[in-house]
Amino acid sequence: MKDEILQKSIDPTVHDMLAVAEAAGLETAWDRLAKQLPQCGFGETGVCCRNCAMGPCRIDLFGEGPTKGVCGATADIIVARNLLRMIAAGAAAHSDHGRDIAHTLLLTAEGKGGGYEIKDEAKLHRLAAEYGIPVEGRTKEEIAYDLAKAAYGEFGKQEGPIQFTRRAPARRVELWQKLNIDPRGIDREIVECMHRTHIGVDNDYVNLTLHGLRTAIGDGWGGSMIATELSDVLFGTPQPLWSEANMGVLDETKVNIIVHGHEPTLSEMIVAAAQDPELVALAKEKGAAGINLAGICCTGNEVLMRHGIPPVGNFLQQELMVMTGAVEAVVVDVQCIFPALGPLSACYHTQFISTSYKAKFPGATHIEFHEEHAYDIAKEIVRTAIEAFPNRVPERVHIPQEKMKMMAGFSVEAIVGALGGTLDPLLGTIKSGAIKGIVAVVGCNNPKIQHDYGHVNLVKELIKHDILVVNTGCNSIACGKAGLMVPEAAEMASEGLKGVCQALGIPPVLHMGSCVDISRILVACAAIANALGVDISDLPVAGAAPEWMSEKAVSIGTYVVASGIYTVLGVAPPVLGSPEVVALLTAGAEGVVGGKFAVEPDPFKAAQLIVDHVNAKRRALGI
Ligand code: BF8
């Protein structure tokens with residue numbers, strides 16, 4: 001295997017498929033990145049401004065060029081404005097997802113749900129209690145109607161508070177109020193980002209950044225949390241289950257359908273439709289042995305968490321899975337979907353099926369999804385995939401055989417359940433030092449970093465230091481593929497963590513879901529802080545996104561820091577053009593919200609930073 005290919009990923013299936021791509025003359029994200037190099041230094045450092053037509057302007061950081069934009073904006077202002085717009089986009093993506101789930105719950109409550117039902121009534125009641133919605137003598141649909149309306153209301157609220165923010169420890173909420181960053185309404189904060197970054201509005205980098213924190217809190221403790229909680233009510237709260245990960249989950253004998261994107265609404269129905277006897281019979285009629293469903297990215301994580309549907313890979317494998325020649329359909333909803341899939345699918349028999357009116361793609365077959373007719377549309381999509389099966393070209397089929405067993409399904413409820421109904425045993429292990437801390441490792445792949453190298457090495461290092469890892473998104477899939485999400489992986493952990501995992505029969509790395517499910521991690525942190533009578537910023541916890549690339553990740557990192565948590569990024573955000581903004585994010589923030597960012601591309605050094613931080617927090621707590 002060529003060294004050039006080996007350098008791109010640590011995953012052998014990726015090496016295998018990159019060789020296939022090269023032989024077939026097909027391009028991938030790695031090739032397109034190479035054609036972009038060197039990337040624009042102004043964009044990379046965040047000093048390019050396109051916010052008005054006097055520009056575009058840029059700041060020359062090193063030469064004799066301009067130090068101000070036409071309006072007089074300095075590097076600090078431009079960098080902070082650009083960062084705020086990234087946060088706004090990320091918060092909008094997560095929150096619009098949450099709104100869609102609220103919409104589905106509302107339709108279901110009204111009996112217009114097209115096949116959905118309320119699966120977790122106990123959680124419905126718990127959430128109703130938080131919102132002060134009466135439950136006595138009422139049907140689950142009546143309660144769900146009020147809950148959906150209340151959740152809807154969070155988006156357009158003018159004066160707050162957003163109910164779920166009150167799950168944070170009281171002193172965290174007081175701090176947010178004191179700093180004037182307690183979000184008023186999810187949409188309001190996002191709109192205000194756009195207003196403040198318009199020419200001639202907010203030109204104070206501290207003020208801009210503080211609003212970034214407020215907007216991001218509205219994502220993590222608002223839009224994302226609504227997405228997670230209402231998805232659990234509708235589709236069931238995840239419980240530990242088994243699955244397998246990586247390209248070897250594709251089945252040469254069956255119709256392979258891959259669900260891709262983020263929202264669980266359609267994919268839940270695809271799971272059901274793929275088992276419909278009528279469609280299974282049709283698949284057999286077309287010469288297949290059956291229907292095989294797999295997932296990628298966070299839609300993949302949603303159906304993995306609740307149904308054990310195997311992930312075929314993470315973000316950077318989306319093109320490679322098509323190149324196996326064995327995929328009949330890639331069914332996409334929203335977010336993290338390469339437009340490159342359109343022309344690529346056209347080189348194969350693969351149906352690239354877009355489903356959201358918000359997300360259309362050149363070269364896609366558009367079968368629009370509407371919740372009211374969810375099951376019927378899911379059946380039509382599965383049927384379209386089956387019809388493509390006879391067009392498969394057997395000579396072009398190349399499926400890497402690697403796959404790995406993994407566990408998933410660790411919702412907070414499932415973790416508490418595994419601990420015997422209370423967090424006390426976990427607190428005991430933290431106090432005794434058997435578990436030194438808990439670290440969330442999350443986020444994307446980015447072709448600027450060797451695929452999965454940052455994820456897998458950081459997690460391996462952390463568990464060697466008695467740190468329990470919780471993860472979501474593309475990190476979960478990376479760790480699943482690497483064999484870190486089975487109880488036997490405890491052998492790779494240090495003694496204390498190994499003992500705890502073996503006693504409970506759990507992996508040292510717990511899959512908590514999709515990226516909106518980072519809200520589950522916030523809930524867990526709040527519960528632990530409340531149990532110890534401290535703030536989240538006092539806990540021996542940290543966050544990391546070793547290979548992040550999306551604006552959603554910027555919003556996530558920001559709400560994690562705003563929640564008081566130290567966060568290490570493997571890729572520098574485009575802020576390096578302003579030493580002031582860098583100092584604020586990596587140092588000053590700690591004195592204000594108790595959390596701050598660090599950037600460390602080397603996962604081994606990042607692990608050391610995190611271990612040092614966890615130990616310092618333990619010493620401060622006197623444990
Ligand atoms: O929301 S981790 S590449 S799939 S953005 Fe996208 Fe990043 Fe993967 Fe999920 Ni999250």
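Read the numbers this way: they start at 1 and go in the same order the structure lists the ligands and their atoms.
For ligand 1, the atoms sitting less than 4.0 Å from at least one non-hydrogen atom of Ser550 are 5 (S), numbered in the order shown with element in parentheses. Interface of Cys336 with ligand 1, defined as ligand atoms under 4.0 Å from a residue heavy atom, comprises 3 (S), 4 (S), 5 (S), 6 (Fe). Taking every non-hydrogen atom of His262 and a distance limit under 4.0 Å, the qualifying atoms of ligand 1 come out as 1 (O), 4 (S), 6 (Fe), 9 (Fe). Counting atoms of ligand 1 from 1 in the listed order, those under 4.0 Å from a heavy atom of Phe315 are 3 (S). Ligand-side atoms of ligand 1 in range of Cys297: 4 (S), range being under 4.0 angstrom from any heavy atom. The distance from ligand 1 to the heavy atoms of Met549 drops below 4.0 Å at these ligand atoms: 3 (S).
The closest protein non-hydrogen atom to atom 8 (Fe) of ligand 1 is Cys474 SG, 2.3 Å.
No option in Asp333, Ile381, Thr265, Val331 other than Thr265 meets the side-chain contact (heavy atoms from CB on, under 4.5 Å) test with Phe369. A side-chain contact (heavy atoms from CB on, under 4.5 Å) with Val509 is found for one member of Leu468, Val441, Val469 and no other, namely Val469.
Geometrically, Arg99 engages Phe155 in a cation-pi contact defined by less than 6.0 Å to the ring centre and at most 45° from the axis.
Ligand 1 is never approached by Gln335 to a heavy-atom distance shorter than 4.0 Å. At least one heavy atom of Gly443 sits less than 4.0 Å from an atom of ligand 1.
Judged by distance alone, the side chains of Asp11 and Thr13 do bring a donor and an acceptor atom under 3.5 Å apart.
The distance from atom 7 (Fe) of ligand 1 to the nearest N/O/S atom of Cys444 is under 2.8 Å. None of the N, O or S atoms belonging to Cys515 lies under 2.8 Å away from atom 6 (Fe) of ligand 1.
Annotation: Phe315 is in aromatic contact with Phe338 [ring centroid separation under 6.0 Å].
Aromatic ring orientation, Phe604 versus Tyr453: perpendicular (interplanar angle above 60°, classes split at 30° and 60°).
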Legend entry - Test salt bridge (charged side-chain N to carboxylate O under 4.0 Å, His left out) applied to Lys605 and Glu600, step by step: CA-CA 7 Å; Lys605 289 184 187 160; Glu600 178 48 70; 5.0 Å; no

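Around NZ of Lys358, the count of heavy atoms belonging to other residues, nucleotides or ligands within 6.0 Å exceeds 12.
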